[in-house]
Every structure is written in structure tokens, then in C-alpha cells.
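Inspection log for the structure reproduced underneath, given as C-alpha cells.
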Amino acid sequence: AAARDNVQVAGSSTVLPYASIVAEAFGENFDFPTPVVESGGSSAGLKRFCEGVGENTIDVANASRKIKDKEIAACAEAGVTDIIEVRIGYDGIVFASQINGPAFNAFEPADWYNALAAEKPVDGAMVANTAATWADANAELPAVEIAAFIPGTKHGTREVFEEKVLLQGCEDTGALAAILEINGGDEKAAEKTCMAVRTDGKSVDIDGDYTETLARIDSNTNGVGVFGLAFYENNTDKLKVATMSGVAPSTETIAAGDYPVSRPLFFYVKKAHIGVIPGLKEYAEFFVSDEIAGTDGPLSAYGLVSDPELAATQAVVANEEAM
Amino acid sequence: MPLLWLVLIVLALAGAGYVLGRQRAMSSAGGDTRHLHSLPVYYGSNVAIFAAMPAFLVLAVWLIAQPLLVDSIVSADIPATAVPEGSTLSLLMSDVRRVADGLDLAISQGTIAADEAKTLRADATDVRALLASVGVALGSDVNETTLSAAQEFRALTGTGSMAMTVVVLALALGGFAYAYSRTNKDFRARNVVERSIRGLLIAAASIAILTTVGIVLSLVFNTVEFFRLYPALDFFFGTTWSPSFGGGSELGVLPLLWGTLYISVIALAVAVPIGLFAAVYLSEYAGAKVRAFAKPLIEVLAGIPTIVYGLFALLTVGPLLVKFFGSGGTFGVDWMSGASSVTTAGLVMGIMLIPFVSSLSDDIINAVPQSMRDGSLGLGATKSETIKQVVLPAALPGIVGAILLAASRAIGETMIVVLGAGAAARLSMNPLEAMTTVTAKIVSQLTGDADFASPEALVAFALGMTLFVMTLGLNVLALYIVRKYREQYE
Amino acid sequence: MYDNPNLERKVAQAESKISARNVQVFYGDTHAIKDVNVEIEARTVTAFIGPSGCGKSTFLRCLNRMNDTIDICRVEGDIELDGENIYDKRVDPVQLRAKVGMVFQKPNPFPKSIYDNIAYGPRIHGLAKNKADLDDIVEKALRRGAIWNEVKDRLHAPGTGLSGGQQQRLCIARAVATEPEVLLMDEPCSALDPIATSQVEELIDELRDQYSVVIVTHSMQQAARVSQKTAFFHLGNLVEYGDTDQIFTNPHDPRTEAYITGRIG
Amino acid sequence: MYDNPNLERKVAQAESKISARNVQVFYGDTHAIKDVNVEIEARTVTAFIGPSGCGKSTFLRCLNRMNDTIDICRVEGDIELDGENIYDKRVDPVQLRAKVGMVFQKPNPFPKSIYDNIAYGPRIHGLAKNKADLDDIVEKALRRGAIWNEVKDRLHAPGTGLSGGQQQRLCIARAVATEPEVLLMDEPCSALDPIATSQVEELIDELRDQYSVVIVTHSMQQAARVSQKTAFFHLGNLVEYGDTDQIFTNPHDPRTEAYITGRIG
Amino acid sequence: MTDATNNTPKAKTSLLTVSPRVKKRNAQEARFKAYGIAAVATGLVFLVILLSTILYNGVGAFQQTFITVPIYLDEAKLDKNGNRDIEEIKKVSTFGYTPLIQDAIFAAIEEKAPGSEITSAKDTKALISASAAAQIRDVVIANPDMIGKSVEFRILAASRVDGYLKGRVTRDSIARDKNIDAKHLDVVDTLRSKGIVKREFNMAFITGADASESRPEQAGIGVSMLGSLFMMLVVLVLSLPIGVAASIYLEEFAPQNKWTDLIEVNISNLAAVPSIVFGILGLAVFIQFAGLPQSAPLVGGLVLTLMTLPTIIISTRASLKSVPPSIRDAALGLGASKMQSVFHHVLPLAMPGILTGTIIGLAQALGETAPLLLIGMVGYIASNYPSGPISGFMDPNSAMPAQIYEWAKRADPAYYERAWGGIIILLVFLITMNIIAIILRRRFERRW
Ligand SMILES: Nc1ncnc2c1ncn2[C@@H]1O[C@H](COP(=O)(O)OP(=O)(O)OP(=O)(O)O)[C@@H](O)[C@H]1O
Ligand SMILES: Nc1ncnc2c1ncn2[C@@H]1O[C@H](COP(=O)(O)OP(=O)(O)OP(=O)(O)O)[C@@H](O)[C@H]1O
Ligand SMILES: [Mg+2]
Ligand SMILES: [Mg+2]
Ligand SMILES: O=P([O-])([O-])[O-]
């Protein structure tokens, strides 16, 4: 069998755009072949990453979330023990509506909780959410029918949305406290109730990509959807973004920690492959170099929120520090 | 000897065997083919087969086995201490292979001499730079262990290839000689050749079986793992599907099965009548020109990428349906809230499936002998009566096959479902509500973000297995129905 | 030599059922039937004889427009049934074929049960009021097709599982079941044994009471036995047409004579 | 009545070509042939007669193992060709069928050109050295099949476009082209006109010089004309087997007599 | 036989007047035929709708906006030591080339569009594609002696500029776009009238490779077309013969028993297995077990072969079944072996159905993405052209549908247009494939 000479990357479709920009530049500037960056989702990527070491396994897994303990264990079982974790920056999650649609300019987590929760505590009992318009959730919002397009349960974004928006809103409105009262203080159950999304069609899960969300908002004037910051920035002509908790999303506000809804992006490198797969280390170093991942680099230009602690990350890569 | 040459030589032997075998047979029959048991081609083919088949079989096995063998010998010689911390022997071996390949390349490009490659030392030469100059990139500098292992690897591979060449050539010659010596006019060459062909046919048929075995095997371990984490009863009889990242998901398969069934039924309700009527029209009514034109055009529908259908559903059909059935729509009913619905996906999928039904049925209908039609027309039946009562029943098995194929495709479709029917699993009778299918969920759970060792991700395998078993049941049923109603003409 | 019992029977009257005038048939460029004129009488059995490939089947198929089903086939001239041109635009070939039934040269039972084969025609023409009625029609037809005894125990077995001769009789029974006014039979007995043949011939003779029967046959004896009129075709031409005994005893055309005397046995 | 010119001819010797002993044939549970014993002689024409459905075709198909192709069909007993059991495991049915050719009851030309229909057998058996040779074989076969004149101008037209009788003669020519030692013919003349019939009969007579011919026929006259031996089947039994003139003039079995005298014409 | 005489002859009816029952039946006939026409028309109408949607959305991808300017290849920046050492020149990354291009564009603006609001070289960034730097770097590395000279280059304009020329981007739509401003569009208008900015036919779309998310203007489908081609070669070469051979065995040779029933059911069941499951199988068998390379068209082809086999087998068996048994008898009766009768007579007669199955199976294989997801052919695989047939099969590559699927997901609307353009090419590919099969099929079609 001829030896593999290209770096093989797989994983998150959220990280894919950034990885593709890096891989392209890497191919142009190095003598190594352009790395292959597959999409397929964080889970599938990590699964293949943890399949074992050797040429017929991938070298790098992109992930839009941190690797889980169970996954690390599974990796170790297959002999993948030294894993270098590289955080490349943050993905901002924005709330946007049709450019010609009603005036959704400012959201609070509470609005979303009020609009999308499956059940709300009313007078000491849980009752099904009856909010029909956004104005029912918050009188300041337009009185149009609720049509929310949120990430489906396959997307990691959904987890972020549930925790940072719904749960937050639940707390902010005092519903969490009320629920705790009703269920007798079971915190876990209460949080779960807070994050349960209504299933009567007002909220639509999107298992596809942001392009699908965009298409749905395009054909529904009242639609409000959840997007990635980069996606929004490429489609400002069709979308109008709302502030969250009074902060407008941008790479700056997210990096500064002002904008509340974002999540870190990672890639994981199989240390055992460094030195064996040509160009692997160079690729990882190139990825986190200032030229690329810095605030003036192409990743930031495309919409990645640059990691304020990039220097530490560069050191991790340079020293091949495993987790 | 390079592989290509070896293959060419064996092929040449086979070619020569063909010619010589033929000649020998002919001369044993005194030049008159009538005295031969079989046609001369069979004698030729017989020798050719004996010369080539065993040789190629052994070659194939050898090519697979040799690297494994060489790998294990070389890696056995590598001291455990030479394997760096955190790495594994197998990775070290891939470096060894890369260096060995690089040395081969360097020799073939004339960068170093063959002898030099054998005596190269890591401390004396910068092997990494040397190999880089011939276009083989290495991840790190080459140490002595790797290099000597690579040299051993090359030596063993060289010996192995030599042996392989000898064995393969010997086999080819032996087979040639054996078959050639057996060639005479009474030798049943045709039977021998046909037996080989039959062997090939059986091998081809068993690929289908192997595929099934492979699919079951690749699903079953993860399915078992899933059921260890999630109770089977809840899976099979649960009526809620709501995976969540934090654990505590409800993964009931019923809403998904219901969605699958509902969408497939609607898709078939569109595709089967349209497809069958189109097939009947094209084969029974349309002139040759219309048929030659329309049939291939309709077949293009099967080749349009499903993403196009998905977008068509999402952007055109869905909003159109909402205009009719949505609140404030044409019919003044409020049955549909979003563009995604079972009907949206079903309709669009139905369009995609039209050619599956129409083209295959058309061929089958066309094969019903004209005398069947004559018989019916001669009794004063109209064309449509003839078609409905004589032609279609006679073509039934094939048509059922075509419909099954369409149904299979409907069950296996993802893109149209995701875009047209939505992602929410729901148990509802309303065909204008969004639902989803097993297949769509297999894809989404497999490509999602959940922890890959969690039930939320593993459920994809259980879903695949469930679907597999269920469609198996459906197919058994279909076979039974066809057997029962099958009408054989002639 | 032609011991024909029927000849003695009175032919009621020479009323014309079908009259063909200047009929030409082409298969693409092949001119298969050349300018044929013939009157087929009611309540008469007419035999078409002639060497293989002379156009008997082709002409027969014109009489109920079965040729319509062959793309390349073109028919010219007039064919009238009861004075009405069957090639008229207003004529529905379906209605025509219900009146002019046909039995084909190669037996072609439908891939259905024996019962359904027979019941097919009556069903589409609505001849049976109910199930019992239909059973009746089926039984009668099978009896007339001289096959009842052989199949009565397996009416629901497939028609294609019968022997060649049984299949042919089944097809005859099937044609008779729809009660046509004219019955066209293309070599109906060629696959039959003598006993079955005589049964079919009896049937033909019986049908003559009400219907016209046209039969293509290669057996001179059969033609002589069952028919009152005979038409002799040769290379697409109708060479001679007349009373059967005249044709066989005193042919006018030398070709007819040659054909008839060229026969053996 | 049986003016059989062949009877006078000397039958060279009674050398047995095929001998069948205790042959039983079952279609599933149906017992179609019951314990048949028969010797078919070399250089002889043997006729199988009997009512429709009595098992003539079935027995004929046993003789070259065409019944192998019917799944539900089971053959028991011994059938020997030149002293070798044809149901022996070592026997290659293909080789057997090349020696024992067959013409089927329903004409079944290949959907290929007329030429290719005939040339097929010679090609797969390697009977022609070259193209000219093959042309020769094709022409000779078509002539022997008494169809050469009709098709010589359209050898490359499809065989399925011929008339019924032409198709049957084509099939006969096709079988003859492979030069079998035994030729089985299942009602070869049922679709033929008298002239073609007499040509085929002549051919059969001619083939008898070298080959054995077994012919199934419904025509008593034909059986009497062409055959030297006749076998009468009834309900799956071989009722009587003997010299043709004996069977027709002096049948031993009452059933034979009933069948023969029940005939007409 | 007296019952016949009891039959009263039916009342005479004229042929010219159609009886009510026949009228009803004829109406039924007319309806039936109308349904047929309607069915065919429905199919064709949908085809037209889909094709026109595809064309409408996709033709734009075949044109691209280019900027033609002389660029001064500054020695001070590209070869500081001036010794033209290729290794040293290579050290200058594409980031080093960008300023040169921006300077050149700025110079052109100052010359051709004086007084524009663009006041710095950096501000021209919005106009040019990021691919330009790589394009020029490649040229310079190939011809180091160009350094120090001013050379005219035709470089790609940025996707927003291209969109502006195509009408996708308007002055309204860029109001909140941080990537481009109205002043840039003004300059584009001027440069366009001067012939520096031009919209031209874009061969690179048909021949090129994929590009990263930030450079839609550079992306082409050529390399993945080759990926598809190599994959389809594998599929065709394996699935047609294997499928036909398996069908022949099952239909003509295999004994009819429970075992063959099992195989039959099993094959139709395989047709219902979701394609992604074949991907799971392929990953396990071909990559992890057999050690074939990841992302290779060979593996893709093998997986798709397994996926198409059932389709081909089912249609082949159906058409083998419909060949009348008398044809087989005829051949066997002449002393042809079973094998000969099948290959000489049955197979040619079954050919139309086999080819139909092949057309549909290959169309499905050609358009399939899901199984490729798991064997690594979906994503950013901007490999170069395969250097030969072997590397065509073995080197990482994508496939057309995967490429289209990826493009359709990308954020920049320019990619959306390219996705539709890719679909046009996919269909051309498909139709070419079909035409060959259809011509073959028509040669075999015959009713008997
Ligand atoms: N479908 C057809 N296409 C072309 N030619 C045909 C077709 N059917 C018949 N013919 C030709 O027309 C002529 C007359 O054929 P027809 O079938 O009427 O003969 P026939 O008298 O019935 O013969 P037979 O007694 O053998 O059945 C023949 O030369 C035949 O080859
Ligand atoms: N394939 C079959 N399956 C079941 N039964 C069959 C099959 N072929 C023939 N038979 C039955 O076997 C018996 C003998 O049939 P066979 O075809 O041998 O009759 P035959 O003597 O040739 O009649 P004919 O003169 O009408 O051709 C008949 O009862 C027939 O129904
Ligand atoms: Mg005829
Ligand atoms: Mg028979
Ligand atoms: O593909 P994701 O893992 O980023 O959703």
C-alpha cells in the first residue's frame, strides 16, 4: 500500500468553512498537498478520529463542541491516547429575520422563552404555552404570528440555544423558580422543562443548514431564525439581525464577551500522527498563526470570532501538548 | 518484475493458449469442426482460462497477503523500545512503508543507486531531504530503526515479488500445459468453459448476499451497544422522538415509522398512477416517435439530483400548498402552518419516482406478446379493457417489481424529506403537518453533534437495523402476493 | 371423394352478410392482398383455402379490422357488413369485433383461469346478468367448444396449462361465448385431433343456423365437409370464389385446379 | 383409403435407434405418461397418434430431454439412444439434443433474421467452415424446409414477420440444418397448406434414408402416408404400437379401433 | 347439441350507431387514454419546470468577472536578496503578494477613475478575489525572471463585484454589507466602461477545482467531475456485469427453492436500504478493513456499485422473466446449451429492460451524496487534477453531487448560483450517459 501523504481532516460542518480557508492557503503556500477537509458533523468526525491510529484513520477532527469524556474514553480504548485540543475561536449565534419583515430589532432571552417554551408555570401549575404572537411574549415585539426556525436536535447549536437563550430566559422571567416550586426543587427536571420547545408548529426544527433556514425565512415574512454570524454577514441583504440582551452581534462584541450567545470551535489533532503524516504539524501551526486566525486574518474576515487567547493556543500546538 | 509486466505476460500466455488450444483441437479433428465435441472457440477459451484464472487468483491473493506478511515480519523485528511514546507500531510501520516507497522512487528516478539504498545510513545521509527531493514528504527525520526497517521491508518485498513472479508464471504455464494436453477432439471443452462461467455467475450472485451480511454486520454491533444504553421497549413502542444533548432523550421509533409510511404512501400514490398510466400510454398508445422521445425525457426525472427536488419542495410546492390550505388560504381552512409537510415531500418524491414506475413497467408491458392483445381485441374488447384485464395482469410480476423499487427509493430518500417534510418527528394524521422519516433521522443522527458514544448517535444504527428488518418483511409479503397472482403467458 | 353431408342441406337464402369490394392490403411496401372482391353470405360457412402465405389470414383479419393493430398494415377498398362500411369513420372497431368474432391461428389463451378466459368476453359485453348466468354461459361455451368434459373439473386452473389442442378449443369456446354474428376462424382445427376436429366441425355447422362462419383451412377435406362456399387465394389474389362443390369438382381457374389436384390423400 | 406409397418400400432392417422402457412422466402430481415401452427404429418414420392431451408431446419431449426445462416435470424409466441411457448422469443433454433435433408444435422462430434463424444451429455446432459454406447450408436447409422460394429474397428480414405456415417451415428448416440423427416433429404440418405439407412429407421420407423421424400428427392420413411405425397413445398410455398398416387396417386394441374408425374423411 | 337453437338471435344493430353500452365503454377508453396522456404530460411538465428552474438559477455560473491589470512584481518584496533563489522566493507567502495586487488595482483606479472615493490601496481589497495572490505567486515561482517587471494579469474579481455585474448584488442589498461599499461599485462601473473589468465566459467553472468558502469566484466543478467520472467507471464496469450475471444465475440457472426465494427477497430488500447505510458499510469494509485510501473515487465507486446492484438486478430479472419460454425451447431444441440459449437469445431480448435498469441505477449513483459522506468524499477536497488513471481512482477527490451539495450549503450566495450551475453540468453528464444507453436500448427493442 502506498503511504498517504495528505493530511486528512473530518468533522463539524460549522468548522468546515474555516478549515477550508486554511487548507486552501496551506496548499498554496506549502509544498505539502492540500489537506482534505471532510464534513459530516462533529460526532461523525470524532468517531472516525477515535477509530484508531494509522494511515486509514483521519489525523484531525473538527468539532463545534468540546470532546466529551466518553469520547475520550472510546478513543483511548482504540489506542488514540494523545490528543491535542486546539480552540480556534468562537462562533457567534445570531437571531435574524427577513429584511422586509416586521421590526424584530431587539430580543431578550426571556422573549424566546416566552414564545417557544412548551409549558409555562401559571399559578402553580404547568400549562401549555398559548403565546400566538411575539407580542404575547413581549408587548414590545411586533404582533405577528410566531414562526421560529431553530436548529434541529442534531445540531450542537441547539444545545447552545437551549442553554444560553431558553434557560436564561426561564431564569430571567422567574419561571425557573416557579417550576422548582411546582416540582419540589428538582433542578435538573426544572431545567429540562425550561428547555423543552413547543411542538405545535410555531417552532420549526431545521436539520439542514443555514441555507435552509434562510430559504424558509425568505418565504415567510414573519419568520425569525437562528444563524451563525458568518452566515449572516454573507447575507446581510436578505437578513436583518436583532440584538440580544441589548448587544448587537459582531466579532468584536463576541470577542469582548458582551454578546451572550456564542460557542467555541475546536479541532483535535492525533499526536501520534505528527511526524508521520507529512504536513500535519505545519497545518495545525498554520491554522492558529496570527496571519490566519488573528483578528486581521481571513478567518476573522469571514466571520470567525478570533480567540483572545490565541497565543496560548499557538504554544499548545507548537509544544504538541496533549490534553 | 513490475506487476504490469507480469499481468501482461499471463495475458499473453492466455492469448497464446487460446490460439494454440484452438489449433490443436482443430488438427485433432483433421481440420473439420464437425468432429469436435465443442466449437473451436471453447477449446481455445479452455486453455486460456486454465492459463489465466489460477494465475490471476493466486496473484490477487498474493498481492493481498504479501504486504500483510512482510509487515508482520518487519514489525516483529522492530524492538518495542523503538516505538516512541504515544505512538504505535502500526504508525511506525506506515513511516517505514513511506520510506521504503520513497527509496524505490528515488532509485527509479536515478537519485540514488540500488546498492546505495541498501547500505544507506540514517546518521550519514539526510534521508528526509533525499526523499523530499523525489517528492516524498516525511513528517519527521528518519531514525536508524525506521531506515533499517525500511531496508528490510524493501528486501522482503523484493524477495516476495520475485517469488510471486515465479509462482504465478509457473501456474500460468502449468495451467496452459495441462489444458493444452487435455485438448483433443473428444474433450468436452464447452462444458468446462461453461462451468467456469457458471462459477462466475454464482460469484456475482453471492455479492448480493455478502452485501447483506456486510450491512447487517456493520449495523449490528452498534445496535447492540445502543440497546445496552437505551431500553429496547422504549425504542420500539415509544411515541415521542426528542433527542437532546444533555441526555434523557426520548427515542421512540413510532413517529418516525409513521412518517416514513405516510410519506412513502403519498409518494407512491403520486408515482404509481402517473407512472403506470404513462407506461401504458407509451407502450400501447403512443407512436414510436412519441415514445422514443418521451420515455428518455421522463427518465431524466430520475437523474435530477435530489437536492433540486428538495429545494423545489421547500420553495415552490410547500408555499403553494400553504396558499391553499394555510390560514387565510384559498380554501379558508387552517390545516397547514408551514411549508413543510408530509404532502409536500410526498408529492415531490412522487414526481421523482415516476420514471422508476414508468420506464421499468413500459419495458415489461412491451414484452407481453402481441397475441395476447390480439386475443382480447378479437373478442371485441376495447384497448383499455385489453390493457387492464389482459396485458397488465400478464405483466404484473414485473410491475410489482418496479413499484417495489420505487417504494424502496421512497423509503431510502433523505434530502427531499429534510427539505420538504421537515425535521420534527410527529405522530399525526394530518398530511399537511411536518413529519420526518427513519432515513432522514439516520442521516441526521449520524452527521449530528451528539457524543458519538451516546444513545443519541448510536440510535442511527438501531434505526437502520429496524428499517432493514421491516422492509425485509414488506418484501416477503410482496413476493407472496406476486406468487399468488402471477400469470404466466405462453 | 368429398363425402360432404352438409351439401345436401338447404342453404336458406343467399343473403349477403359481408361484401368486400376492391380490397387491397399492404404491409409497408408489400402488397399482400390484391383487389379482392367477395360476398360472404349470411348463415353460410365460407372456407378460405390457398397455399401458405397467400394472404388468407390477412384478408380474414380485414373483416373485423384486426389489421388495425398492425402499424404498417394499410387497407384500401370497401368492406361492408350488413350494408355498412366497416371502415367508415363512424364505425367503432370494438362494436364491430363484438359482432365479428375471431379465432386465431396460434392458440392464445389469456394467462388466466379457464373460467376467466371464457367469461372475459361476456363480461366486457355485459352478456351475463349475474354470476349464475355467467356460469351458464361459460359452461355452454365450453360445451360448444367440445372441451367441457376435459376441463370441467379444473375451471380455475390456468388456461395456459392445457395441451395445444385443448388451448385451441378453449379459444374457440371463448370466441363463441360472446355470440358474434360472424365468426372468423383461422385454421381452428390445425392443432386438433380428429375427434375434436369433428366436434368443432359440428359446432361450425350448428353455428350456421344463425351466424356466418368464415374458416381458413389447409384441409381440402375439411373445406369440403363444412363449407358451402369456398374462396381460393393465390399470391394475394382471390382466384376463384363459388359454391364449394363447384370449386372442388369443377374449378374454373387452372390455378385452382392445380392446387386442388396437387393435393395428396 | 390409405394409399401409402412408402409401404411398398423396403424397410432396410429393424435396427433399434431409441428404446424406451417403463417410462413414466409426472407433472407435479399429474401422471401424464404411464409406463410406456417402445422401440423406435433407425431409418424409420414413427408416427405418434392419439387424442389431444393424451401425452404425445410430453413423450416426444422425453426423447431429447426437453422436459428437463420444465421444473415440475419428472421422468422415470429408461430411454436409450443407440444403447446408451440418455438420462444417465454422464450424458450431456446438449449433445443429446444436437443428435435428436426437435420441431415444436407452435412455431417459435427466433426474433432474428431468417438467415440467422437457420444459421444458428450450424454455427453453434461448427458445421460450416466459412461464410460460403454457411450460406450453402442455409440455402439447402431452406430448400428442404420447402420455403426457399418464398424467402430467398428476404433472408435478412425477421423470421417473426412470416405467415404461420412459413414460420413452421422455417422451424423445420432450422431443425434440419443441424443434421440431427433423430428428428422429433410435433405436428409439423398443422399450419401448412397441402402443397407445403406434401413437401414436408417428402422431406421426411427423404430424411428416413439416414435418420429416424418421430412425428406427432392428428392426421390419420398423414400418419398412414409417411410412417412405417405407428404408436397410439390414450390417456397417457401407449395403447398400441406396431407397423403402420397393421395399426390402420387391423388394430388389436379396441381403443385404437374406436379412435381410428371414429375419424372422419 | 340442441341448446344452440334456443338462442334467439340478437336484435340487429347498426354498426354506424353506437350502442349505449359501447358508448360507455368508449368513453371509458377515451378517459383511459386521456389519463395516459395526462400522465405523460405531467411527467414532462414537471421536467420542464425543474429544468427551467435549474437553467434559470444556474446559467450565471458560466460567466465570471475578471479584472485585467498590469502588476508590478516588486523585487524588494518578492526576492529581497535579489538572487532569484527559488527556495527563497517560495518563502514569500500569498499574503506577501496581496499588497502588490492592491497597489496595481489602486494605480489603475487612480488612472482610469480619478476622483473616486477609494483612497488607499488597502481599500481595493473588496474588489479582488483572494485567489489572485495564489495565481500570481504560482506564475512567479514558475518564472522567477519576471520579478522586477510589470506584467499584465487577468485576475478574478471578488464575488460581490461579480454579483453586481450579474445583478445579484445591488446598491440596496449592500447597504449593511461590511465587505463592500457603494464607492466600490462606482469604481467598478467606471472600470467596466474602460474595459478593465469584464464579464466573460468562465471556463474555469467547468474545468476548475473547488475553492474555499471565502472565494466562490474561483470554484469550479472540473475536478469533482473527474471524481464522478472515475466513480462511474467503477460503477459501470462492476455493477452492470455483476448485476446481469447475478440475475442470469438467479433467473436461469438457480434451482427454484427457498434459498433462491431468500436471495430474491434479500435483493429487493437491499434496494430499500438507505444509501447512507451503504456508506457505513463502505467505511467499515473498504477503508477500515481493506485499507483502501480515504476519500478515493475507487471506494466511492465500490460503495455506489453495491448500492446500484439491486436496481440493476431487479430490472434485469424482470426482463429476463418476460422473455417467452418458447424462445429458450427453440434454442435448446437445436442443441444449444443452456448457457448458449441464454447468452444468444434470452439476453439480447432482455436488453431493453436491462438498459433501463442501468440508466436508472447509474442516474441514482451519479446523483448520490449520502454514502460519500462517510467515506470522506464530501467537504473541501480541492485536490488537483489526478495525474493519471491510477491517481484518478486512488487520490482524494469529491464527486459532482457532493460538490453541489456542499456549495448549496455555503454562506455566500455566489455559491448558491454555482450549485445550480453544477447541477446543469451534472445533468449534461447524465444525459450524455443516458443517450448512449438509449441508443443501445432502441437497437434491442422489438415486439414479437
Ligand atoms: N405483420 C406482417 N408484416 C409484414 N408482412 C406480413 C405480416 N403478416 C403477414 N405478412 C406477409 O403477408 C403475406 C400473407 O400472410 P398471411 O399471414 O395472410 O398468409 P396466410 O395465407 O395466412 O398463410 P398461412 O396459411 O401460412 O397462415 C405473407 O407473405 C406474409 O409474409
Ligand atoms: N407444463 C405442463 N404442466 C402441467 N401439465 C401439463 C404441462 N404440459 C402438458 N400438461 C398436461 O399433460 C397432459 C399431456 O399433454 P401433452 O401436451 O403431452 O398432450 P398432447 O398429446 O401433445 O396433446 P395435443 O395433441 O393437444 O398437443 C395434458 O393433460 C396436459 O394438460
Ligand atoms: Mg395464416
Ligand atoms: Mg401436443
Ligand atoms: O456540523 P456541526 O457539528 O458543526 O453541526
Side-chain angles (χ1 to χ4, degrees), chain B residues 190 194 197 200-202 204-205 207-208 211-212 214-215 218 274 277-278 280-281 285 294 296-305 307-308 312 351 354 356 359-360 363-364 366-367 369-370 382-384 397-398 401 404-405 408 411-412 414 439 442-443 446 464 468 471-472 475-476 479 490, chain E residues 25 28-29 32-33 35-37 39-40 42-44 46-47 50 242 245-246 248-250 265-277 280-281 284-285 306 309 314-315 318-319 321-322 324-326 337 339 352-353 356 359-360 363 367 370 401 404-405 408 423 426 430 434 438 447:
Chain B
R190 196 199 64 245
E194 286 184 351
I197 297 176
L200 287 179
L201 296 183
I202 293 178
I207 286 180
T211 310
T212 307
I215 284 177
S218 57
I274 296 184
F277 272 115
V280 163
Y281 182 78
Y285 290 101
L297 276 186
I298 292 180
E299 277 164 0
V300 173
L301 282 176
I304 292 179
I307 188 166
V308 178
F312 182 59
I351 296 167
I354 290 173
F356 280 74
S359 277
L360 293 176
D363 289 323
I364 309 294
N366 224 27
Q370 183 61 31
T382 61
K383 227 167 165 169
S384 60
L404 271 184
L405 201 59
S408 305
I411 291 171
T414 336
T439 307
I442 295 177
V443 176
L446 217 51
F468 190 88
T471 50
L472 193 67
N475 275 299
V476 171
L479 183 74
E490 282 214 5
Chain E
R25 288 169 58 208
Q28 223 171 32
E29 167 79 18
F32 190 79
K33 190 170 170 184
Y35 294 150
I37 294 176
V40 174
T42 313
L44 293 180
F46 280 119
L47 182 70
L50 288 166
I242 293 180
I248 289 179
Y249 177 72
L250 295 174
V265 165
N266 182 37
I267 286 171
S268 4
N269 191 38
L270 279 183
V273 170
S275 54
I276 193 158
V277 174
I280 299 178
L281 174 73
V285 172
L306 296 184
L309 266 181
I314 289 171
S315 55
S319 43
K321 241 183 225 145
S322 64
S326 68
S337 66
M339 196 71 78
T356 301
I359 289 175
I360 288 185
I404 291 164
Y405 171 72
I423 290 168
L426 179 69
L430 174 85
N434 280 11
I438 286 163
R447 191 180 278 181

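Letters go in sequence order (proteins before strands), and every chain restarts at 1. Small disclaimer: the values here were computed from a predicted structure and weren't measured.
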For chain E, the option from B:G464, B:S359, B:A302 that forms the most heavy-atom pairs under 4.5 Å: B:S359
Note, E:K321 side chain near B:I364 side chain (heavy atom, < 4.5 Å): no
Between B:V280, B:L446, B:I351, B:T414, the one whose heavy-atom pairs under 4.5 Å with chain E are most numerous: B:I351
Part of E:I267 within contact of chain B (heavy atom distance under 4.5 Å): side chain
Test item: side-chain donor near acceptor, E:S319 and B:D363, under 3.5 Å: no
Heavy-atom contact with chain E under 4.5 Å, split by part of B:I307: side chain
Nearest-0.5 Å distance, CG of residue B:L479 to CG of residue E:N269: 12.0 Å
Winner by heavy-atom pair count (cut-off under 4.5 Å) against chain B, out of E:N266, E:V277, E:L430: E:N266
Chain B contact via E:S268 - side chain, backbone, both or neither, heavy atoms under 4.5 Å: both
Nearest-0.5 Å distance that lies between atom OG in E:S315 and atom CD1 in E:I359: 10.0 Å
Contacting moiety of E:L47, where chain B heavy atoms sit under 4.5 Å: both
Top of E:S337, E:G43, E:S275 for chain B proximity - count of heavy-atom pairs under 4.5 angstrom: E:S337
From OG (B:S384) to NZ (E:K33), nearest 0.5 Å: 11.0 Å
Side chain / backbone / both / neither for B:I215 at chain E, heavy atoms under 4.5 Å: both
Residue part contacting chain E, namely of B:L301, when any heavy atom lies under 4.5 Å: both
Selection from E:I276, E:T356, E:I423, E:I242 maximising heavy-atom pairs under 4.5 Å formed with chain B: E:T356
Under 4.5 Å from any heavy atom of chain E - which part of B:I304: both
Criterion ring pair (Phe, Tyr, Trp, His ring centres under 6.0 Å) on B:F277 and E:F32, from CA distance to verdict: CA-CA 8 Å; B:F277 272 115; E:F32 190 79; 5.4 Å; yes
Exam field: side chain E:E29 to backbone B:K383, donor-acceptor pair closer than 3.5 Å: yes
Separation between CD1 of E:I314 and CD1 of E:I360, rounded to the nearest 0.5 Å: 11.5 Å
Contact origin within B:I207 toward chain E - heavy atom pairs under 4.5 Å: side chain
Heavy-atom contact with chain B under 4.5 Å, split by part of E:A271: both
E:V285 versus chain B, the contacting section by heavy-atom distance below 4.5 Å: neither
Option that, when pairs with chain E are counted at under 4.5 Å, heavy atom only, ranks first among B:V308, B:I354, B:I411: B:V308
Exercise: identify the closest heavy-atom pair between E:A39 and B:A278: CB-N, 3.5 Å
Gap between atom CG of E:L270 and atom CG of B:N475 - 0.5 Å precision: 9.5 Å
Contacting region of B:F312 [heavy-atom separation from chain E under 4.5 Å]: side chain
Student check: side-chain heavy atoms of E:I280 and B:S218 closer than 4.5 Å: yes
Contact winner vs chain E - B:V300, B:L200, B:L404, heavy-atom pairs under 4.5 Å: B:V300
When B:T439, B:I197, B:T382, B:I298 are compared by non-hydrogen pairs under 4.5 Å with chain E, the top option: B:T382
Test side chain to side chain contact (heavy atoms under 4.5 Å, CB included) applied to B:F468 and B:T212, step by step: CA-CA 10 Å; B:F468 190 88; B:T212 307; 3.5 Å; yes
Residue selection (most heavy-atom pairs with chain E, distance under 4.5 Å) from B:P305, B:G398, B:A294, B:G214: B:P305
